[in-house]
Amino acid sequence: MDLMANTLLSAGASPAMIHSIEEIPDFTPHARSLCINVGTLSPDWLPAMKAAAELASQFGKPWVLDPVAAGASGFLLNACLELVCMKPTVIRGNGSEIIALSKASLGDSKGVDSFHESMDAVEAAKSLAKASGAIVAVSENHSNRCAVTALIAAFVAVDPLHALEATASALSILGIAGELGMDMAKGPASLRMHLIDSLYGLDQAVRLSRTKITSL
């Protein structure tokens, strides 16, 4: 949560990290987008997540789902499938999570880690996108996975009518910030710091020179 908040702040967004269902009616209608991350899901949090998703849809706000470890347990899988039925704008997960959601079944999982590469999940992503109506983004495992989902929510908030392009841009830009951060980092802890700094200082010239987006 701390990483997500600092990523959003470094990108110029204004995050609010809300758990309590009592706060949802006050915060969600005023938010420009919603990010739901099930990484620390509990039975008490799920109703708040569903209430927030319902309100976001009611007010025409885009929302993004991160189905963390969706294939690891029946509780997580069923919760994520319920949220998928609530029509997220974007679903962002790793290969194993997207495959689990597409098949609606438990799969090989080590928690948040994926047994599948992103390209292994292309067909599952297409199937899930068709079934859910959501944009489905598949990215590799890395320590900043939650950060990229948060950034997608921020980008989609800026341009909800072009959510696909906003999603691709967010993935690309955090990837560039990660590459720049890696050049300075000595390990995972310093990578976190340098990634946030790199994202904050990223200019258009660097972005244009390092962006690589291809169509499959």
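Predicted, not measured: the structure shown is a model, and the values here were computed from it.
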Between Thr149 and Cys35 the two heavy atoms that sit nearest each other are CG2-SG, 3.8 Å
Nearest 0.5 Å please: distance from the CD atom of Glu54 over to the CZ atom of Phe59.
-> 11.0 Å
For residues Gly181 and Ser198, report the shortest heavy-atom separation together with the two atoms involved.
-> N-OG, 3.6 Å
Heavy-atom side-chain proximity of Val64 to Leu34 below 4.5 angstrom | no
Roughly how far, to the nearest 0.5 Å, is the CD1 atom of Ile173 from the CG atom of Leu202?
-> 6.0 Å
Results of side-chain hydrogen bond (donor to acceptor under 3.5 Å, both in side chains) for Glu179 - residues two or more places apart only = Arg210
Just checking, is any N or O donor in the side chain of Ser139 or Arg145 under 3.5 Å from an acceptor N or O on the other one?
-> no
Verdict with supporting geometry, Leu180 and His194, side-chain contact (heavy atoms from CB on, under 4.5 Å) = CA-CA 8 Å; Leu180 296 172; His194 289 301; over 6 Å; no
For atom CE of Met184, is the number of surrounding heavy atoms from other residues, nucleotides or ligands below 6.0 Å larger than 12?
-> yes
So, do Val138 and Asn94 sit near enough that their side-chain heavy atoms are less than 4.5 Å apart?
-> no
Distance from Leu77 atom CG to Lys103 atom NZ, nearest 0.5 Å?
-> 12.5 Å
Decide yes or no on side-chain contact (heavy atoms from CB on, under 4.5 Å) for Leu46 and Glu82, but give the supporting numbers first.
-> CA-CA 10 Å; Leu46 183 57; Glu82 289 178 16; 4.2 Å; yes
CE on Met182 to CG on Leu191, rounded to 0.5 Å | 6.5 Å
Search all heavy atoms of Cys146 against all heavy atoms of Asn37 and return the closest pair with its distance.
-> SG-ND2, 3.2 Å
Establish whether Leu171 and Met4 are linked, either directly or via other cluster members, by ILVMFWY side-chain heavy-atom contacts under 4.5 Å.
-> no
Does atom CZ of Phe75 have more than 12 heavy-atom neighbours from other groups under 6.0 Å away?
-> yes
Less than 4.5 Å apart, any side-chain heavy atom of Ile135 and any of Ile152?
-> no
Using the ring-ring contact (aromatic ring centres under 6.0 Å, His included) rule, collect all pairs that involve residues 77-100, keeping only residues at least two apart or in two chains.
-> none
So, does Glu97 use its side chain to make a donor-acceptor pair with the main chain of Ala70 at under 3.5 Å?
-> no
Give, for atom CG of Leu174 and atom CG of Leu199, the distance between the pair rounded to the nearest 0.5 Å.
-> 6.5 Å
Taking every heavy atom of Leu8 against every heavy atom of Ala154, the minimum-distance pair comes out as CD2-CB, 3.7 Å
Are the side chain of Ser127 and the backbone N or O of Glu123 linked by a donor-acceptor pair below 3.5 Å?
-> no
Between Leu83 and Val38, is any pair of side-chain heavy atoms under 4.5 Å apart?
-> yes
What about Val206 and Leu151, same hydrophobic cluster or not, with Ile/Leu/Val/Met/Phe/Trp/Tyr joined at side-chain heavy-atom distances under 4.5 Å?
-> yes
For the residue pair Ala170 and Val148, what are the closest heavy atoms and their distance?
-> O-CG2, 4.3 Å
Any side-chain heavy atom of Thr28 within less than 4.5 Å of one from Lys61?
-> no
What are the two closest non-hydrogen atoms of Pro15 and Ala5, and how far apart are they?
-> CG-O, 3.7 Å
Do Thr167 and Phe155 come within less than 4.5 Å of each other through their side chains, counting heavy atoms only?
-> no
Kindly compute the distance separating CE (Met49) from CE (Met86), expressed to the nearest 0.5 Å.
-> 12.0 Å
Atom CD of Gln58: over 12 foreign heavy atoms under 6.0 Å | yes
Going by heavy atoms in the side chains, are Ile91 and Pro67 under 4.5 Å from each other?
-> yes
Flag, side chain of Ser102 to backbone of Ile98, donor-acceptor distance under 3.5 Å | no
Would you check if Ser172 and Thr211 make a side-chain contact, meaning some heavy-atom pair closer than 4.5 Å?
-> yes
Check: Thr89 side chain, Trp63 main-chain N or O, donor-acceptor pair, under 3.5 Å | yes
Using the side-chain contact (heavy atoms from CB on, under 4.5 Å) rule, take Leu3 and Ile196 through it: C-alpha gap first, then chi angles, then the decisive distance, then the call.
-> CA-CA 9 Å; Leu3 175 61; Ile196 292 172; 3.9 Å; yes
His162 and Asp159 side chains, donor-acceptor separation under 3.5 Å | yes
Check whether Ile36 and Leu55 end up in the same hydrophobic cluster, where Ile, Leu, Val, Met, Phe, Trp and Tyr are linked by side-chain heavy atoms less than 4.5 Å apart.
-> no
Begin from the C-alpha positions of Ile21 and Trp45 and carry the test side-chain contact (heavy atoms from CB on, under 4.5 Å) through to its verdict.
-> CA-CA 8 Å; Ile21 193 169; Trp45 283 18; over 6 Å; no
